[in-house]
Amino acid sequence: MTQNPEYAIEVTNLTRRYKGFAAVDDISFTVRKGEVFALLGPNGAGKTTTVEIINTIRKPTSGKVTLLGMDVTQKKYKIIPRIGVLPQGFSTFDRITVKETLQYYSRLFCNPNTDINGLIALVNLQDKVKVQYRNLSGGLKQRLGIAVALVNDPEVVFLDEPTTGLDPRARREVWKVLLGLKKKGKTLFLTTHYMEEAELLADTVAIVAKGKITAMGSPGELIENNANYLVAMLKSVDENVFEIVRNMGLAPAYDSQGHIKVRLTHTEDVRRLLNTVKDSGASFAGLDVRKPNLEEVFLKLTDEPLAQGFVRIKGAE
Ligand SMILES: Nc1ncnc2c1ncn2[C@@H]1O[C@H](COP(=O)(O)OP(=O)(O)OP(=O)(O)O)[C@@H](O)[C@H]1O
Ligand SMILES: [Mg+2]
């Protein structure tokens, strides 16, 4: 592999096995300097394993990973001062304050010049400098974790699920901080479950499932290249319609409003669906057919049902 100075990260044929099971299965990609790159995938997809190999914490089984031009298995001590890491489920000492936490981590990096107050302002924790870690809310803890990841003024920052478990408002506050870092030209490597997060922050999104990258590109390209089917939505349907659609060999799912959503591969399926439901005598208020959005593309590429999280099993209510 040729090393290109334009790239912050180059991953080639990376595999990580645990007793024969491939948690990461022969993946390759590059991350340009200054871009925000997101690994988007469900639980167990291999996101953390990938991140922790790139940031030198775990070892690969095979393949080659270069970070800032250096091989991650050979140049750990040169790499670590130049990167920052927010691990999944970040936690730190319970009984020291926000300011003390940042002072402590900056000492670990032997960095007496860290602008602690600047960092506190960057993550908007000015009102909390004297609050102990244990008394911060989840969103504030994550923002402190981001500040910790920045104490050595890193060129590349890894953020493993920075907003999981946060409420929508706290999530937006974290996004604001990350957008600020993006503006400053930091390279950000992010993992997330949230489509909305990837879409808002990332220049490039790699969708991962079962250790493989199933699609990669800008959010716009992902839709363009993978929306080769239609999503039909049947509104205000009566109870029988779900079963009727399923009997057509389709895979219906309820969405959050109780409408039935179904993927249609061919345009003639629209007519077939409409006729079958009409012929059954079941009543319904309308049928919408449209191209899938990014979330629906993601669910398809990760092999998950359309209305994941909202699927109601008939008769279970
Ligand atoms: N140290 C380990 N030993 C054995 N199996 C492991 C180990 N670490 C991870 N795995 C397995 O590898 C797979 C990928 O795990 P990983 O933590 O990388 O996924 P993830 O995408 O980060 O998931 P999540 O969204 O839940 O954080 C999972 O099946 C996990 O159980
Ligand atoms: Mg993980």
Side-chain angles (χ1 to χ4, degrees), residues 9 11-29 31 36-65 67 72-73 76 83-92 138-139 141-143 145-146 148-149 156-168 170-171 174-175 178 187-202 204-217 219 222 294-305 308-311:
I9 299 169
V11 173
T12 312
N13 302 116
L14 175 65
T15 294
R16 172 70 215 229
R17 295 185 178 280
Y18 295 109
K19 292 186 180 160
F21 163 74
V24 175
D25 194 0
D26 193 23
I27 63 171
S28 301
F29 58 87
V31 179
V36 179
F37 184 95
L39 278 186
L40 179 70
N43 288 125
K47 302 182 296 298
T48 297
T49 307
T50 304
V51 171
E52 292 189 348
I53 290 170
I54 302 172
N55 68 29
T56 77
I57 293 171
R58 299 195 209 194
K59 283 190 178 146
T61 305
S62 60
K64 184 172 165 80
V65 180
L67 174 48
V72 295
T73 60
K76 268 188 196 190
I83 64 171
V85 177
L86 174 75
Q88 182 167 1
F90 165 80
S91 176
T92 184
K141 283 177 174 163
Q142 279 305 80
R143 269 147 58 191
I146 294 170
V148 166
V156 184
V157 188
F158 295 88
L159 304 124
D160 195 353
E161 295 192 24
T163 66
T164 296
L166 303 188
D167 68 35
R171 181 168 297 149
V174 169
W175 289 346
L178 298 184
T187 307
L188 302 187
F189 192 104
L190 178 79
T191 79
T192 182
H193 294 151
Y194 302 116
M195 181 52 64
E196 199 189 353
E197 182 162 302
E199 202 168 357
L200 178 78
L201 299 174
T204 305
V205 179
I207 296 184
V208 284
K210 299 176 189 147
K212 295 258 189 212
I213 292 179
T214 55
M216 186 158 52
L222 282 174
L294 195 52
E295 181 161 14
E296 288 155 351
V297 165
F298 166 69
L299 292 173
K300 178 93 191 310
L301 289 167
T302 51
D303 230 6
E304 288 177 60
Q308 192 226 16
F310 301 114
V311 181

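Each ligand, and each atom within it, is numbered from 1 in the order the structure gives. None of the values given here were measured: they were computed from a predicted structure. Quick note: numbers below take in every heavy atom, side chains included, and nothing from hydrogens, waters or symmetry partners.
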Atoms in ligand 1 with a heavy atom of Thr48 nearer than 4.0 Å: 17 (O), 18 (O), 20 (P), 22 (O), 27 (O)
Polar protein atoms near the Mg ion (ligand 2) [N, O or S; cut-off under 2.8 Å]: Thr48 OG1, Gln88 OE1
Heavy-atom donor-acceptor pair, Thr56 side chain to Val72 backbone, under 3.5 Å: no
For Glu161, the ligand 1 atoms whose distance to one of its heavy atoms is below 4.0 Å: 24 (P), 25 (O), 27 (O)
Any Lys19 heavy atom less than 4.0 Å from ligand 1: no
Any protein heavy atom < 4.0 Å from atom 19 (O) of ligand 1: yes
N or O contact, Phe21 vs ligand 1, cut-off under 3.5 Å: no
Phe189 and Phe158 aromatic ring geometry - parallel, tilted or perpendicular at 30°/60° bounds: tilted
Test item, His193 contacting ligand 1 (heavy atom, 4.0 angstrom): yes
Under 4.0 Å to a heavy atom of Ala45 - the qualifying atoms of ligand 1, by number: 19 (O), 20 (P), 21 (O)
Distance from atom 14 (C) of ligand 1 to nearest protein heavy atom, with residue and atom: Gly44 O, 3.4 Å
Partner set under side-chain hydrogen bond (donor to acceptor under 3.5 Å, both in side chains) for Thr187, not counting sequence neighbours: none
Test item: Ser28 side-chain N/O and Asn13 main-chain N/O as donor-acceptor pair under 3.5 Å: yes
Closest protein heavy atom to atom 27 (O) of ligand 1, given as residue, atom name and distance to 0.1 Å: Gln88 NE2, 2.8 Å
Euclidean distance, Asp25 CG relative to Thr49 OG1, rounded to 0.5 Å: 12.0 Å
Which residue and heavy atom of the protein sit nearest atom 26 (O) of ligand 1, plus the separation: Asn43 ND2, 2.8 Å
Nearest heavy atoms of Gly165 and Arg171, plus distance in Å: N-NH2, 4.5 Å
Protein non-hydrogen atom found under 4.0 Å from atom 30 (C) of ligand 1: no
Shortest non-hydrogen contact from Val208 toward Ala45: O-CB, 3.6 Å
Min side-chain heavy-atom separation Ile54-Ile83 under 4.5 Å: no
Atom 25 (O) of ligand 1: nearest protein contact (heavy atom, Å): Lys47 NZ, 2.7 Å
Residue, atom name and distance, where the atom is the protein heavy atom closest to atom 9 (C) of ligand 1: Tyr18 CE1, 3.6 Å
Which of the ligand 1 atoms, numbered from 1, are nearer than 4.0 Å to a heavy atom of Thr49: 15 (O), 16 (P), 18 (O)
4.0 Å heavy-atom contact, Gly46 with ligand 1: yes
Within-shell test, Arg58 vs ligand 1, heavy atom, strictly < 4.0 Å: yes
Interatomic distance, Ile213 atom CD1 to Leu39 atom CG [nearest 0.5 angstrom]: 6.5 Å
Under 3.5 Å: donor-acceptor pair, side chain of Thr191, backbone of Lys47: no
Sidechain-backbone polar pair: Thr15 side chain, Thr61 backbone, donor-acceptor under 3.5 Å: no
Summary of salt bridge (Lys or Arg N to Asp or Glu O under 4.0 Å) pairs that have at least one residue in residues 48-60, sequence neighbours excluded: Glu52-Arg58
Side-chain donor-acceptor pairs under 3.5 Å in residues 84-92, sequence neighbours left out?
residue: Gln88; atom: OE1; partner: Thr48; partner atom: OG1; Å: 2.6
residue: Thr92; atom: OG1; partner: Tyr105; partner atom: OH; Å: 3.0

Check: Ala23 N/O within less than 3.5 Å of ligand 1 N/O: no
Side chain Arg16, main chain Ala23, donor-acceptor under 3.5 Å: no
